[in-house]
Number of protein chains: 2
Amino acid sequence: MKKPDSPTSKSIAAALGVSVATISRVLTRPDLVNERTRERVLRGIERLGYRPNLAARDLRRGQTGTILVLAPLLGSFWLEILYGVEKAADERGFSVLLANTRADQNREKAYLDLVASHRADGIILITAALPVGGKSFALSLPPVVLAAEPLPSSELPAVLVDHAGGAEEAVRHLINLGHRRIAHIAGPDSVISAGARMSGYRKALRAARLPVDESLIQRGFFSLESGTIAMHALLRQRRVPTAVFCANDLMAIGAIQALKSVGLRVPTDVSIVGFDDEMLAQIYDPPLTTVHIPRFDTGYQAMMILADLVAQKRPVRSITLPTRLVVRGTSVAPQNRRAAP
Amino acid sequence: MKKPDSPTSKSIAAALGVSVATISRVLTRPDLVNERTRERVLRGIERLGYRPNLAARDLRRGQTGTILVLAPLLGSFWLEILYGVEKAADERGFSVLLANTRADQNREKAYLDLVASHRADGIILITAALPVGGKSFALSLPPVVLAAEPLPSSELPAVLVDHAGGAEEAVRHLINLGHRRIAHIAGPDSVISAGARMSGYRKALRAARLPVDESLIQRGFFSLESGTIAMHALLRQRRVPTAVFCANDLMAIGAIQALKSVGLRVPTDVSIVGFDDEMLAQIYDPPLTTVHIPRFDTGYQAMMILADLVAQKRPVRSITLPTRLVVRGTSVAPQNRRAAP
DNA sequence: TTGAAAGCGCTACCAG
DNA sequence: CTGGTAGCGCTTTCAA
């Protein structure tokens, strides 16, 4: 029985007749090593299957090469952001720790501590609604970058999305189609981006000199059911809207289902526009007109900023990414009912 | 200017007038410490905001308390497995590193190395189709648990799903409804579970003494488009099937869209059953009859097994989880066309 | 019950 | 260009 212990720099050094310092240099600053020794060491490492112990390296360097992605829940929406983070992390030589806080403050705190505990160098916070532990948080702040969703009154660097602009474009699209009575199914007040989407809706209406009818604004919770309920409420109005702009795709689909359930057709009777452009939007029947959010890019940029932050490179700025309207099958010009037989 | 360095066990020990050993013991073996000292140390730790340096702990212990989840791509399907892994990891005190191999062998190799590099203690492999670096892999094997998808000829502990049983139940459901001409849109040959689903299909047919018509079996690639294409191929058969069992939900929806495009209705003209029970299946119109896979549980169990493996606890076994048929709106008894006017 | 001290494996500094 | 070596902060004997 031999020792099945994995080789260390020391054992490799001994086997090759060089010092551990040389092993280390070959791996981290190869330019400082004579080419022939370097080759020899490299071959030895390969042959003996040596892998540097990153725990030791981390300890010595005081860094981990790992970042933490913290999300309150992990829907398919956030998943794509994660892809982007991963891609960038890969390029910058970081590993990605993933943690799901399930919107629990305690869990969140615990995960934030991972940075203080030297398990990660920084954090990408993908969150909505949930403020992070108040002021005490801001004090001993680890490197944090916000992704996709702003936090109230926070100076943290962030990669944001132009929710208001996207909403405005969506509603303008409806207006250009000829709609005059356009409703809005909004997201919860607690979510900042939901507010931004609503203000975009209002702005587009005002820009077209259309009245903003508050009874045409219903609030939902981003769930399919809440979209259905909101739509039914809209249907009870004296004059039913000819189009509805929904704050996300799921509620848009809920609205469509409500419409179908009372025998109204989309888009013939009512046009619907969603927000987010989830996979769902493309696949649904009819395919949903919606506002695309550059999720992958959001994650990618956030990771890049975080990497700079950790390396204390350039001064960090926040950036806002544009959205893009994707016109599919749920938005058409309003049909003049009286023209029908 | 004071040192903004984070406190270490040494600095805490000095501040409290105890030795570093005591600090360590309070945190890891509190029972070995006198109650009063323990209280005092705990308070001191709290007050000074001490967090043990996990890199140092990892180095000393030779373990990291971190596991790696390796997935070839991260669809919403895998996401729920991830939830389960996370939950269990949380319970067992592990952190979760996430890596997306994008089905690239090199990246996969690199990530596998994270264990050898002491960045993680073990791996949960969520994969399909892709064999992992051949025999050399099996040699210096880190603790690995397979989730959801078996690997060809592998002895690795795994949490599997009874794909064949689920498929059989789905087809039996169709048969019980009165269908006799049931087609199958299969997944790619390279995916083992796709094969299992097909064999379940065959088995159900045989059990009902129904002929297995090979022309009624079309192959797809788990994508929506491939489902559409396969359905069109089925439509070209001399006698169109009255029901189609699809190897996943996406292809089922592709099939439905193909049917709609030629003016056939689901389920009136043709019944459709999917597999996986993705969120999509519930939301789609009509809602899809499909086979539910216990994804969360799969991840949860896999993590539990891995934790045991890492701790070298009980001998590790593989387990197979059952599926569950979810009857929704796309499967009904076949309509007798001749009875129509 | 507590303290002193020996490393875990690596990197980076200092000599040569 | 290379080697020797001092720690990084922690856990864990071994003594007291």
TODO: With sequence neighbours left out, write down each residue that passes salt bridge (Lys or Arg N to Asp or Glu O under 4.0 Å) with A/R107, or none if nothing qualifies.
DONE: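 Residues passing salt bridge (Lys or Arg N to Asp or Glu O under 4.0 Å) with A/R107: B/D90.
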Task: salt bridge (Lys or Arg N to Asp or Glu O under 4.0 Å) partners for B/D162, two or more places apart - done: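 Partners of B/D162 by the salt bridge (Lys or Arg N to Asp or Glu O under 4.0 Å) criterion come out as none, since no residue qualifies.
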Set of residues satisfying side chain to side chain contact (heavy atoms under 4.5 Å, CB included) with respect to [X], sequence neighbours excluded:
| X | answer |
| --- | --- |
| B/V26 | B/T22, B/V33, B/R38, B/V41, B/L42 |
| B/R51 | A/D113, A/A116, A/S117 |
| B/A88 | B/Y300, B/M303, B/M304 |
| A/T8 | A/K10, A/S11 |

TODO: Any chance you could list the contact pattern along nucleotides 8-16 of chain D? Use B for base contacts, S for sugar-phosphate-only contacts and - for none, protein heavy atoms under 4.0 Å, 5' to 3'.
DONE: BBBBBB---
Is it the case that the side chain of [X] and the backbone of [Y] share a donor-acceptor pair, with hydrogens and angles ignored and the cut-off at 3.5 Å?
| X | Y | value |
| --- | --- | --- |
| A/Q301 | A/I319 | no |
| B/T298 | B/P294 | yes |
| B/T28 | B/S24 | yes |

TODO: Please list, in 5' to 3' order, the outermost nucleotides of DNA chain C lying under 4.0 Å from any heavy atom of chain A.
DONE: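 First-to-last contact on DNA chain C, by the 4.0 Å heavy-atom rule, is C/dG9 to C/dC13.
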Task: Set of side chain to side chain donor-acceptor pair (under 3.5 Å) partners for A/T64, sequence neighbours left out - done: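 A/T64 satisfies side chain to side chain donor-acceptor pair (under 3.5 Å) with A/D121 only.
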Task: Qualifying side-chain hydrogen bond (donor to acceptor under 3.5 Å, both in side chains) pairs, either residue in residues 52-62 of chain B, two or more places apart - done: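 For residues 52-62 of chain B: A/R119-B/D58.
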Open item on the list: Taking the axis from the first five pairs and the axis from the last five, what angle separates them in the helix from C/dT1-D/dA16 to C/dG16-D/dC1, rounded to 10 degrees?
Closed with: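 Axis angle across the helix from C/dT1-D/dA16 to C/dG16-D/dC1, nearest 10°: 40°.
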- [ ] Would you mind checking if A/D297 and A/K87 are paired as a salt bridge, meaning a charged N to carboxylate O distance below 4.0 Å?
- [x]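 A salt bridge is absent here (no side-chain N lies under 4.0 Å from a carboxylate O).
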- [ ] Check each residue of residues 116-123 of chain B for a non-hydrogen atom within less than 4.0 Å of any atom in DNA chain D, then write out the ones that pass by number, or none.
- [x]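 The stretch gives none, as no residue of it lies under 4.0 Å from the strand.
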